[in-house]
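Let me begin by presenting the structure, written as structure tokens, before commenting on it.
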Amino acid sequence: MVLALFVVCASTLFLMRQPPTPPQVAAGEVPTVTPQSSPDQATGLHVYLVPHPDDELSAWTSLIEGGDLHPVMVVLTQGEATDRCEVTEYSIHLATGLGEIPPRPDPSTEEATAATCREARMSSFQEVLTTATVHTPAVALDWAHSRFVEVGGHPVTVVPGMAATLLLLDLGDDTLTADRVEEMTRLLLESTDVGLPDLPVTRVTASAYYATQHAADRSSCSDTAVCLPGEPSYVFDRPDHLAARDAARSLAPLTEEGSWLVTHPDDLAASRHLALPVPIYQQFMGLGPGDPPTAQRLGSYQQAYGWLAFPDAWRPGDLPLERFQVLFPRVQSYEVVTP
Amino acid sequence: MTQEDPVRSPAERVSTRPADPGVGHPARSARITSLDVARGFFLLVAIVCASVIPPVPWWLQHAPWSGVTFVDLLFPLFVSLSGVGMAFLYRRNATWQRTARRVIVLLLAGVAYSAVINLHFELSTLRLTGVLQLYAVLILAFALLHQVTRSARGWAVITLVAAVVATLAYLWFQSRCVGDLLTPRCNPSLAIDGRIFGAHMYHQGLRGHDPEGLVAIGGAFITAAAGTTAGHLALDARTGSRQAALTQIAVWTVTCAALGSGVALLVEPFKRLWTPSFALMAGALGLALFLAAFAVFDVYLERTLGQSTQARIGWPLVALGRNSLLVYFGFHLVAAFLLRGGDEISYAERIGDALSFLGGERVAFALAHLALWWVVAALLHHRRIYIRA
């Protein structure tokens, strides 16, 4: 009997062992970007492609790293295809009791239309971007002086800023194509109505995380600082993201230093890995103590985009891992396409 | 609710045959008390764990996905001891009417219990799964399978076959997932429970699994079947040596622990899906508790101090154990009410504060809650009232 109790104690200790969760990325192994104040004189344009208004965080390290550049943030769609504008989905996912902020206008009312959904998503986007100016002053924008122009037959909202420009397009949620994105980006850069500073294009960034199941399955992890053997990357293969990445790839010849395409860390093409400083990441993705679904929403993404989050709250983490459903990791990996 | 003659209680039904001094066994009680003692001890721990005023330490919170914390072991312990109890219940023919009534009552009460404990009453997303429903399905399955076999050997085979089949099924399923990993986006519960229950599952399906869905019930079946095997081994002691039964239960416990550890190398053990490795190892823990109680109460104390002294020593735990279903679900409801109720200061904090001379607010509330249920159970036991489905 004593032997039996001993064996059970041993098996229970084995059962309660630390699960094989990935460790935090070793501190210092991945360079951490350092926020800078906006330059008096930018040296070039940084075209920053965002497929949907909630994808902007995916490449924030590129935004900070290019601190001497004038960001031209191009939001390609307005995210109206989300199912979260449906009454049931909206009510299930919005957790105001945990600190999530309801978008304005309410996209789930009976009178709500696709236009209401667009407006709701843009209000959340504005909330996140405004909060981000605390740590990334370059994205401070003058929303009161927004104006509309027409470029290539498409209405474009231009939001000016001291050190950045925001361009809001509506190329169709879930219907983006690389050709269309590339063409519109070229037209925007050439348009005098948009009023961009007369600077060369230094970098194009696709803030569009993309990983297919096939890619994750055949991943070949060699750099244990940014990927972990046996821990596949988060699978996210939305076509809009692929379109933004392919467009950025095609635009590389326009640039001085190339295009940065956000990817998963064990992508063989990933050549650059940058980490956000922990305080900045927390300001975006912070959660209170406890289980994520019931944790207090502290970060701006958790609060403003909480109604869009999946599976419940946005899962924070150093790496975009399938097991932990981390779509917006602290360490961001890029495939850099040279001009 | 039933008010029973002690002779009719499950534990008593195990034996009414007097010991045969001629075969060398000392005169023994007709009663096996170890199951009630083990359940009582388990309830002591469970009540205290459920009565912690926040902040709750990590080991008293369920693991978010993979991994097992202390609190993840409590319900499986209850299930494995219930498995022992089902051997006692179904060793003889139990009426189908009684089984059907228990299943229906548990299913209905389970839906109500889930709604109350989660404060979720929206019919379109009302949760249909839950711990009582899990228990109901197990009772039905065990009643049916007891028509096939009522022997320890038969139930050992059932346990092992179920574990092997479940392991193969998991291996097949996880081979379809990215990196062979079970995740909230790729797991059999999402595929099966999600398809059957949809928004009526755990957290309206948002968490990609149901810890009490059909897949988890499969795991709980293995855990309970391990307990049933041990129960039949204990029942066999009626006609044989209790010492021999003790050895057999110990061997069975080691078998489950070892097999579970082996399966853990193939399928990650965790509670959220009640994987077969978890089912066997958590079941082994329940068996160990039963084994210890059996050794102390039904073998050692009975042999050295006699039946009446053994009964007196065991009485407080037996009182809790005999009403385990009522106490287990009752204390969860009361704890939820006291810990969540109240305005800024919960009822639990107020009670703890008023009794803080007992060793601080948190200790005081846990002790007070434990005392409440112990008194209730003792009064019911004293009057031989046992609440069952």
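Each chain gets a letter, A, B and so on, in the order the sequences are listed, and its residues count up from 1.
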Task: Structural part of S261(B) lying under 4.5 Å from a heavy atom of chain A - done: both
Open item on the list: Counting only non-hydrogen atoms closer than 4.5 Å, does F278(B) touch chain A with its backbone (N, CA, C, O), its side chain (CB onward), both, or neither?
Closed with: both
Open item on the list: Given heavy-atom pairs under 4.5 angstrom as the criterion, report whether the side chain, backbone, both or neither of E322(A) touches chain B.
Closed with: both
Open item on the list: Return the SG to CG distance between C9(A) and L285(B), rounded to the nearest 0.5 Å.
Closed with: 8.0 Å
- [ ] List the atom of M16(A), the atom of L73(B), and the distance in Å for their closest heavy-atom pair.
- [x] SD-CD1, 3.5 Å
- [ ] Mind checking the CD-CG spacing from Q204(B) to D312(A)? Nearest 0.5 Å is all I need.
- [x] 11.0 Å
TODO: Please say whether more than 12 non-hydrogen atoms of neighbouring residues, nucleotides or ligands are located less than 6.0 Å from CZ in F41(B).
DONE: no
- [ ] Mind listing the closest non-hydrogen atom pair of V254(B) and A4(A) along with its distance?
- [x] CG2-CA, 3.5 Å
TODO: Hey, could you give me the CD1/CD distance between I92(A) and E122(B), rounded to the nearest 0.5 Å?
DONE: 9.0 Å
Task: chain B contact via P311(A) - which portion, at a heavy-atom distance below 4.5 Å - done: both
Open item on the list: Need one label for L291(B): side chain, backbone, both or neither, based on atoms under 4.5 Å from any heavy atom in chain A.
Closed with: both
Open item on the list: In the structure I gave you, are the side-chain heavy atoms of V8(A) and T253(B) within less than 4.5 Å of one another anywhere?
Closed with: yes
- [ ] Heavy atoms only: give me the nearest A282(B)-L15(A) pair and the separation to one decimal.
- [x] N-CD2, 4.2 Å
Task: Interface moiety of D291(A) toward chain B, non-hydrogen atoms closer than 4.5 Å - done: both
